[in-house]
Amino acid sequence: MRWSEAFIPTLRDAPADAEAVSHVLLVRGGFIRQVAAGSYTILPLGQRVRLKVAGIIREEMNAIGGQEMMPPTLHPAEIWRKSGRYELMGENLFRLEDRKGADLVLGMTEEELFALTALELSSYRDLPQIWYQMHTKFRDEPRPKSGLLRVREFTMKDSYTLDIDRAGLDAGFEKHRGAYQRIFSRMGLDAVGVEASSGAMGGSESVEFMVRSEAGEDWIVTCANCDYRANVERATSAVAAVEDGEREDLGRFPTPGLRTIRALAAAHPEIAAPDRQIKTLVYLLDGEQVLVLLRGDHNLQEQKLLDATVAVEARAATPEEIRALLGADPGSLGAVSVDGVKIVADEALRGRFNLVTGANEDDWHRSGVDVERDIRVSQWADLREVTSGEPCPLCGGALDLWKGIEVGHIFKLGTKYSETFGVYVQDEKGESHPIIMGSYGIGVERGMAAVVESSHDEKGIVWPVSVAPYETVITVVRADDPATVEAAERLYAELGDSAIEVLFDDRVERPGVKFADAELIGIPYRVTVGPKGVEKGVVELTTRDGLITEEMPLGDVVGYLLERVTGQRFGI
RNA sequence: CGGGACGUGGCGCAGUUUGGUAGCGCGCAGCGUUCGGGACGCUGAGGUCGUGGGUUCGAAUCCCGCCGUCCCGACCA
């Protein structure tokens with residue numbers, strides 16, 4: 001492609017409304033343009049990257065036996081009602097009506113569609129199957145952000161494994177784990193698989209693939225010592241036991257104006273250190289009021305609460321709701337002798353005594369609380385959020401906390417969809433079993449953005465060869481010098497003949513502009529052809545990564561690039 | 001949805017406090033001089049000031065409504 005004929009609208013200034021690095025660079029480099037919140041046109045350069053990412057995903061999916069198909073994105077609402085997700089997905093689901101007044105939805109994922117398709121299967125001999133599709137998904141995100149990282153319309157590769165038994169599901173899951181690692185590493189991403197919460201998807205086990213980045217939206221816990229890795233939504237740590245001393249009787253003491261754990265601890269250091277207090281929170285879980293108990297120095301991880309109670313929505317109660325329920329304001333709340341309300345307590349409180357908690361009367365607290373003796377706990381669960389530096393639950397090493405972008409997520413789904421859609425097959429004895437499903441997703445454009453987030457410098461993007469829009473750019477230093485242009489034209493033709501993807505910067509621009517643009521859009525190799533070099537029969541070859549330049553004879557360039565590029569095309 | 005900020009040529013911004021009919025830089029077009037790290041000069045094109053209403057002799061500027069965008073929190077590839 002000749003740059004003079006290409007549509008590559010680069011910008012000198014960063015757009016004012018872009019914050020994330022990938023957003024700034026993709027817009028400045030002419031890869032994308034915003035249409036509305038969470039809605040982008042992918043320009044020619046962006047589309048080339050997108051197709052390469054999609055190509056890598058296809059190759060690896062096909063390699064594990066995946067079969068690509070193409071379900072619609074426009075679904076009858078009926079099947080979403082049937083799976084229960086019509087209500088469950090709430091406002092995130094785009095809904096519309098056709099001319100006959102029938103309800104339709106735009107697909108967010110394709111579990112329903114693939115379950116319907118699986119109705120064709122009738123025997124264990126038909127299994128296992130790995131099916132996938134890669135096209136547009138719609139989500140009415142409450143808050144689209146950061147360019148391509150979180151949008152309302154995007155391309156997702158989602159695949160589904162269909163198996164007769166648990167062992168088959170496990171095998172399909174492991175195949176996907178491997179395929180995903182290869183996909184991300186070929187894209188140049190350092191993605192780590194972490195234990196995750198399944199959230200609204202349902203299912204038993206799930207692994208998220210996270211790429212370290214400041215623009216990420218998840219907090220990840222990893223151990224420096226062993227391979228423990230988990231999303232904070234799931235992560236645990238080894239908490240040191242606290243010495244409770246002698247068991248004492250329940251008491252009451254005045255605490256005027258003491259409304260926080262810290263203030264209470266400061267006023268009564270001998271009995272009310274934060275780890276000797278019980279923190280009492282009031283939550284509404286799907287509308288039901290619940291008391292949540294944690295050690296005073298611990299914080300609640302809401303997703304853990306949802307997972308433990310199998311609830312869909314959690315919100316903190318308002319001060320009015322709290323007063324109506326317990327008769328006191330936050331700061332003096334406690335669960336001692338509370339009855340008729342569900343009480344969920346964190347494991348760290350199990351067996352503890354001599355604790356301090358609110359008395360449900362403003363300005364009063366209780367002392368000598370024995371959790372199991374004095375509180376009617378309905379459910380014990382791991383509810384606390386891990387913080388940086390705590391001991392690893394597996395080896396005791398220090399835990400590290402970092403922000404990551406979720407580039408992929410794999411789930412062991414189970415039989416939820418096969419049961420509701422009646423997808424049963426017979427085993428060798430003629431008995432019917434619901435098919436066991438797994439579901440596996442990768443966001444294509446988010447993957448592109450993640451590459452930019454983790455591979456750029458102050459000049460612009462640094463694409464790995466495997467996903468670069470072009471593998472090399474020829475920069476003609478003097479587009480008005482016939483000898484230079486002739487040499488560059490010949491090189492352009494030869495590189496094209498060697499099937500190297502080349503962008504030929506034949507624009508009548510000053511060299512500085514060309515260099516800056518080439519670096520901004522991140523082409524891995526640049527061949528600089530200038531009058532002085534051509535006279536000596538040499539050109540310069542500059543790598544985008546590190547900007548290392550070496551001079552070489554004009555005749556050697558094609559062979560050299562062919563070797564370098566073909567070695568890196570596959571990635572890894 | 002709660003909190004904060006913003007909306008003025010393609011991009012980045014000033015002008016709004018104190019109403020007087022829109023300006024700067026970049027980019028763009030033409031000509032000339034330049035040319036191995038975002039050149040310079042001259043000439044020029046391009047704007048319903050997000051939108052609807054109101055106040056006023058007069059509104060980018062003051063008032064009210066609406067729409068949109070970004071950022072921080074609850075959701076997810």
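We name chains A, B, ... by the order of the sequence lines, and we start the count at 1 in each one.
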Candidate pair A:Trp3 and A:Tyr470, rule ring pair (Phe, Tyr, Trp, His ring centres under 6.0 Å), full reasoning: CA-CA 11 Å; A:Trp3 200 317; A:Tyr470 290 93; 8.7 Å; no
Sugar-phosphate only, base, or nothing, as touched by A:Val407 at under 4.0 Å among non-hydrogen atoms: sugar-phosphate
Touch class at under 4.0 angstrom, heavy-atom based, for A:Asn92 against every strand present: sugar-phosphate
Side chain to side chain contact (heavy atoms under 4.5 Å, CB included) partner of A:Val221, chosen from A:Val386, A:Asn231, A:Thr236: A:Val386
Please determine, for [N], whether a Watson-Crick or G-U wobble partner exists with both distances under 3.5 Å, and give it or none.
{"N": "B:rC40", "result": "B:rG32"}
{"N": "B:rG25", "result": "B:rC11"}
{"N": "B:rG46", "result": "none"}
{"N": "B:rA77", "result": "none"}

Taking OP1 and OP2 of [N], is either one under 4.0 Å from a side-chain nitrogen or oxygen of [X]?
{"X": "A:Arg510", "N": "B:rA39", "result": "yes"}
{"X": "A:Gln34", "N": "B:rC70", "result": "yes"}
{"X": "A:Lys514", "N": "B:rC35", "result": "no"}
{"X": "A:Arg478", "N": "B:rG36", "result": "yes"}

Euclidean distance for [atom1], [N] against [M] (whole angstrom):
{"N": "B:rU16", "M": "B:rC28", "atom1": "C1'", "result": "29 Å"}
{"N": "B:rA14", "M": "B:rC26", "atom1": "C1'", "result": "15 Å"}
{"N": "B:rA29", "M": "B:rC70", "atom1": "C1'", "result": "34 Å"}

Within 6.0 Å of CD in A:Glu214, more than 12 heavy atoms from elsewhere: no
